[in-house]
Structure formats: C-alpha cells, structure tokens
Amino acid sequence: CDVYQKVIEGCIQIIENYKPKIDVNANWETVKLNDIATIQSGGTPSKSDNSYWENGKIPWVGSTVCKDDYVNETSKFITEKGLKNSSSKIFKKGTTLIALVGATIGKTGFLTFDCATNQNIAGLYPKDKNKIDNLYLFYVCQTLFSKFYAIGEGKFRMANLSFVKNLDIPLPSLEEQKKLIMSINEEREIINSNKKLITINEKRIQNKIDYIWSE
C-alpha cells in the first residue's frame with residue numbers, strides 16, 4: 001500500500017505543478033486580452049424563484065468548474081425565463097472561462113458546449129479567429145495565474161473585467177499558435193495518464209484493504 005501511495009503522491013505533484021509553458025519569442029507581438037477577445041461575465045438567476053431553475057434546459061456553471069481543463073458537463077440548468085431575468089448569458093462552445101474570485105481565482109476552463117455562467121466567471125472568445133486560436137487563448141490564459149493570485153495577497157481575492165481586459169499576452173502567428181497547441185496537447189496527455197495512474201493505484205489500495213479485512 002505504501003508503494004501505491006507513493007505513486008499517487010508523485011502523480012499528484014506532477015498534476016498540481018503543471019502549467020503550460022510558452023517560451024516567448026522577442027519577435028512576437030504583445031497585446032492586451034481586450035484587443036483580441038470579447039470579454040464578458042455572467043450572472044445568477046434568483047434562487048428564490050423556482051421558475052428560473054425548475055425544468056431548465058440551458059446549461060449553467062459556476063466558477064468551481066475552472067480547473068485548467070475542459071468543461072465537458074454540468075449538473076445545473078436554468079430556464080429561458082431565468083436567463084432573460086438575470087445578467088446571465090450564454091457563452092459559445094470554445095469560450096475560455098476564467099474564475100474571478102476566491103479559491104479558484106485565475107483558474108481556467110474551456111467550454112466544449114454552449115453554456116451560461118455566473119457572475120464570478122469571465123468568458124473570453126476570439127474577436128478574429130484569423131489572429132488567435134480558441135485553444136491558444138485558453139492555454140495562454142493559464143500562464144496568467146500568478147497575476148490573479150497576486151491580487152489582495154493574504155486576503156480574499158477578487159478580480160474584475162477591467163483587470164482581465166488589461167492583461168498582456170504574447171501573440172505569435174497562427175502557425176506558431178498551432179505548433180504550441182500540439183506541443184501542449186502532448187503534455188496534457190501525460191497529465192491525463194497521471195490522473196489514470198492515481199485512479200488505478202487508489203483501487204489497488206482499496207482492494208488490498210478489502211482483502212485484509214476479509215481475512
């Protein structure tokens with residue numbers, strides 16, 4: 001069990017410390033996020049009005065989905081009425097989400113489906129896909145985590161849309177972006193393999209415990 005646990009702890013270290021690395025070329029342009037992306041926040045329909053939530057069909061997420069990973073599903077849904085009577089809005093598939101407050105501040109998510117969000121999330125979508133790829137935008141936003149984490153150090157952290165809009169990012173050519181995406185995707189496969197190793201070794205530990213107790 002100790003061996004299995006050491007494997008788990010090693011995998012956790014790799015997963016928790018991994019961030020996409022983008023080696024910036026001095027010839028690349030530097031732009032503000034607001035120059036290349038539409039940036040908006042969402043909203044939360046009143047929880048006291050059941051008609052905003054009951055039998056809702058519109059996917060809706062909060063900032064807890066921002067885990068520097070793809071956002072593939074949600075268990076929460078709102079109604080058309082809830083959408084119209086709140087500041088919530090539907091973000092398109094391919095939108096990068098950034099958490100704006102608390103423990104998840106600066107963490108990102110990549111929407112794989114059209115979805116509404118709460119007010120604690122900024123949604124970023126390319127203004128011109130001939131200038132920036134959706135996935136490059138997602139990955140480059142992950143490199144900005146330290147900027148968010150430095151806000152209100154030691155206190156409750158909160159960012160606003162103005163803060164996000166004024167962040168600088170490197171903007172290589174679309175061809176270079178594609179190369180970076182391929183490289184980072186290869187790294188992500190290794191991270192996902194580590195996640196699978198954690199699950200496998202957790203099962204091994206549980207099976208060993210079950211065997212001992214059965215004896």
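Scope of the values below: all heavy atoms of this structure, side chains included, with no hydrogens, waters or symmetry mates.
By the side-chain contact (heavy atoms from CB on, under 4.5 Å) test, Val31 is found to be paired with Glu29, Asp35, Ile36, Ile169, Leu171, residues two or more places apart in sequence or in another chain being considered. Among residues two or more places apart in sequence or in another chain, the ring-ring contact (aromatic ring centres under 6.0 Å, His included) test is passed with Phe110 by Tyr70, Phe138. Listed by chain and residue number, nothing satisfies the ring-ring contact (aromatic ring centres under 6.0 Å, His included) test with Phe77 (two or more places apart in sequence, or in another chain). By the side-chain hydrogen bond (donor to acceptor under 3.5 Å, both in side chains) test, Lys93 is found to be paired with no residue, residues two or more places apart in sequence or in another chain being considered. With sequence neighbours left out, Phe163 forms a ring-ring contact (aromatic ring centres under 6.0 Å, His included) with Phe148. Under the side-chain hydrogen bond (donor to acceptor under 3.5 Å, both in side chains) criterion, Thr44 pairs with Gln119, sequence neighbours left out. In this structure, the side-chain contact (heavy atoms from CB on, under 4.5 Å) partners of Ser183, at least two apart in sequence or on a different chain, are Glu187. Every residue two or more places apart in sequence or in another chain that forms a side-chain contact (heavy atoms from CB on, under 4.5 Å) with Ile15 is listed here: Ile191, Asn194, Lys195, Ile198.
The salt bridge (charged side-chain N to carboxylate O under 4.0 Å, His left out) contacts involving residues 198-213 comprise nothing, where partners must be two or more places apart or lie in separate chains. The side-chain hydrogen bond (donor to acceptor under 3.5 Å, both in side chains) pairs that include a residue from residues 45-62 are Ser46-Ser48, Asp49-Ser51, Ser51-Lys81, where partners are two or more places apart or lie in different chains. Listed by first and then second residue, the salt bridge (charged side-chain N to carboxylate O under 4.0 Å, His left out) pairs involving residues 113-137 are Asp133-Lys178 (not counting sequence neighbours). The salt bridge (charged side-chain N to carboxylate O under 4.0 Å, His left out) analysis of residues 97-107, with sequence neighbours excluded, yields the pairs Asp68-Lys107.
Between Thr143 and Pro20, the shortest heavy-atom distance links the atoms CG2-O, 3.5 Å. Ser88 and Leu83 make their closest contact through O-CD1, 3.4 Å (heavy atoms, listed as atom of the first residue, atom of the second, distance). In plain terms, the two heavy atoms of Ile105 and Ala159 that are nearest each other are CD1-N, 3.9 Å.
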